[in-house]
> 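First, the structure itself, so that you have it in front of you.
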Amino acid sequence: MSQLIERARYLLSAHNARQLPDDEGAEVAFAGRSNAGKSSALNALTRQNALARVSKTPGRTQQLVFFQITPEAHLVDLPGYGYAKVPLELQAHWQAFIDKYFRTRNALKGLVVVMDIRHPLKEYDLQMLGYAVQRGLPAHALLTKADKLGRGQQGQTLQKVRKDLHAKFGDTVSVQVFSGESKQGVEEARTIIGGWLGLNPPAEEAPAPQG
């Protein structure tokens, strides 16, 4: 897996469509409930301790936060959903903004949905996965905080979630266990995301025959 993802740096935050960067290149969006471990996952994937904390500063918690890896490759941190304390008007704004983002964003190449392995496939998780599937985009579920469970429980949950996802979405959504704390599953996730962004090195070509 290419190490380019480690170059990710904060680029900008967008509260509405006018503030989005140019719709070109490739980007992968990250979604998840506010307590699912999305920031820890982003930090583990980029091997940075505080990259995603930029989105947690006042005024940025409810914006799309763009991290640039290369001029043509970006990670996008979507607002943590499940906004119990957010006014209905703001909830409506976010639903409309994210819906339009998923329907019209040409640069969007895939979606990662972060879920606490102890509480997977909540209503909002399925809604976000549905956005990607409707667009024909690949989606990948990260079952985070895997270090909170033993290996046996991890395996049981993974198999159940995989079965449930297949029943609802077919083969369009993949899933893995992940831990930002122990770094379990980091390389697997980096390979998938790198592939969507076009960052993975090409397979080594066989040497030309001598003669």
> For residues 11-39, which residue pairs pass the ring-ring contact (aromatic ring centres under 6.0 Å, His included) check, not counting sequence neighbours?
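As it turns out, the ring-ring contact (aromatic ring centres under 6.0 Å, His included) pairs with a partner in residues 11-39, which skip direct neighbours, are His15-His93, His15-Trp94.
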> Under the ring-ring contact (aromatic ring centres under 6.0 Å, His included) rule, what pairs show up with a residue in residues 127-168, not counting sequence neighbours?
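For residues 127-168, and leaving out neighbouring residues, the ring-ring contact (aromatic ring centres under 6.0 Å, His included) pairs sorted by first residue read Phe102-Tyr131.
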> Taking CD in Glu181 as the centre, count heavy atoms belonging to other residues, nucleotides or ligands within less than 6.0 Å. Is the count above 12?
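No - once you tally the heavy atoms of other residues, nucleotides and ligands closer than 6.0 Å, there are 12 at most.
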> How long is the straight-line distance from CG of Leu78 back to OH of Tyr101, given to the nearest 0.5 Å?
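Here the interatomic distance stands at 6.0 Å.
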> Looking at residues at least two apart in the chain, or sitting in another chain, which of them share a side chain to side chain donor-acceptor pair (under 3.5 Å) with Asp164?
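By the side chain to side chain donor-acceptor pair (under 3.5 Å) rule, Asp164 matches Lys160.
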> Determine whether Leu142 and Gln176 satisfy the following criterion, side chain to side chain contact (heavy atoms under 4.5 Å, CB included), listing intermediate values before the conclusion.
CA-CA 6 Å; Leu142 284 188; Gln176 68 165 105; 3.6 Å; yes
> Mind checking side chain to side chain donor-acceptor pair (under 3.5 Å) for Ser179 and listing every partner two or more places apart, or none if nothing turns up?
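Ser179 satisfies side chain to side chain donor-acceptor pair (under 3.5 Å) with Asp147, Ser182 once adjacent residues are dropped.
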> Tell me every residue that passes salt bridge (Lys or Arg N to Asp or Glu O under 4.0 Å) with Lys183, counting only those two or more places apart in sequence or in another chain.
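Not a single residue meets the salt bridge (Lys or Arg N to Asp or Glu O under 4.0 Å) criterion with Lys183.
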> Evaluate His74 against Val28 for side chain to side chain contact (heavy atoms under 4.5 Å, CB included), listing each step before the verdict.
CA-CA 7 Å; His74 299 84; Val28 170; over 6 Å; no
> Starting from the C-alpha separation in whole Å, work towards a yes-or-no answer on side chain to side chain contact (heavy atoms under 4.5 Å, CB included) for Val65 and Val76.
CA-CA 6 Å; Val65 181; Val76 185; over 6 Å; no
> What residues form a salt bridge (Lys or Arg N to Asp or Glu O under 4.0 Å) with Arg118, not counting sequence neighbours?
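Arg118 satisfies salt bridge (Lys or Arg N to Asp or Glu O under 4.0 Å) with Asp116 once adjacent residues are dropped.
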> What distance separates Leu4 CG from Asn200 CG, expressed to the nearest 0.5 Å?
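These two atoms lie 9.5 Å from each other.
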> Run the side chain to side chain contact (heavy atoms under 4.5 Å, CB included) test against Lys122 and tell me which residues pass, sequence neighbours left out.
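Side chain to side chain contact (heavy atoms under 4.5 Å, CB included) check on Lys122 returns Arg33, His119, Asp125.
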> Would you compute the distance between atom CG of Leu197 and atom CG of Leu75 and round it to the nearest 0.5 angstrom?
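It comes to 6.0 Å.
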> Measure the shortest side-chain to side-chain distance between Leu143 and Leu158 over non-hydrogen atoms and say whether it is less than 4.5 angstrom.
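Of all side-chain heavy-atom pairs linking Leu158 with Leu143, at least one is under 4.5 Å.
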> Working note: Arg47 + Glu187, criterion salt bridge (Lys or Arg N to Asp or Glu O under 4.0 Å); need CA distance, chi angles, decisive distance, verdict.
CA-CA 11 Å; Arg47 291 208 176 113; Glu187 290 307 317; 2.8 Å; yes
> Are any side-chain N or O atoms of Arg190 and backbone N or O atoms of Gln3, one a donor and one an acceptor, separated by less than 3.5 Å?
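Judged by distance alone, no pair lies under 3.5 Å.
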> Can you check side chain to side chain contact (heavy atoms under 4.5 Å, CB included) on Asp77 and Leu64, steps first, answer last?
CA-CA 6 Å; Asp77 188 1; Leu64 271 67; over 6 Å; no
> Side chains of Gln68 and Arg7: is there a donor and an acceptor less than 3.5 Å apart?
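Note: Gln68 and Arg7 side chains miss the donor-acceptor criterion.
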> Side chain to side chain contact (heavy atoms under 4.5 Å, CB included) with Ser40: which residues, sequence neighbours excluded?
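By the side chain to side chain contact (heavy atoms under 4.5 Å, CB included) rule, Ser40 matches no residue at all.
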> Name all residues meeting the side chain to side chain contact (heavy atoms under 4.5 Å, CB included) criterion together with Arg151; count only those two or more places apart in sequence or in a different chain, and write none if there are none.
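If we apply the side chain to side chain contact (heavy atoms under 4.5 Å, CB included) test to Arg151, skipping adjacent residues, the hits are Gln154, Gln184.
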> Considering only heavy atoms from C-beta outward, does the side chain of Lys168 approach that of Leu126 to under 4.5 Å?
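Yes, at least one pair of side-chain atoms sits under 4.5 Å.
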> List for me each residue that meets salt bridge (Lys or Arg N to Asp or Glu O under 4.0 Å) alongside Asp99, sequence neighbours excluded, and say none if there are none.
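Asp99 satisfies salt bridge (Lys or Arg N to Asp or Glu O under 4.0 Å) with Arg103 only.
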> According to side chain to side chain contact (heavy atoms under 4.5 Å, CB included), who are the partners of Val133, at least two apart in sequence or on a separate chain?
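Result, side chain to side chain contact (heavy atoms under 4.5 Å, CB included) vs Val133: Phe169, Thr172, Val173.
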> Any sub-3.5 Å donor-acceptor pair from Gln48's side-chain atoms to Ala8's backbone N or O?
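Yes: the side chain of Gln48 pairs with the backbone of Ala8.
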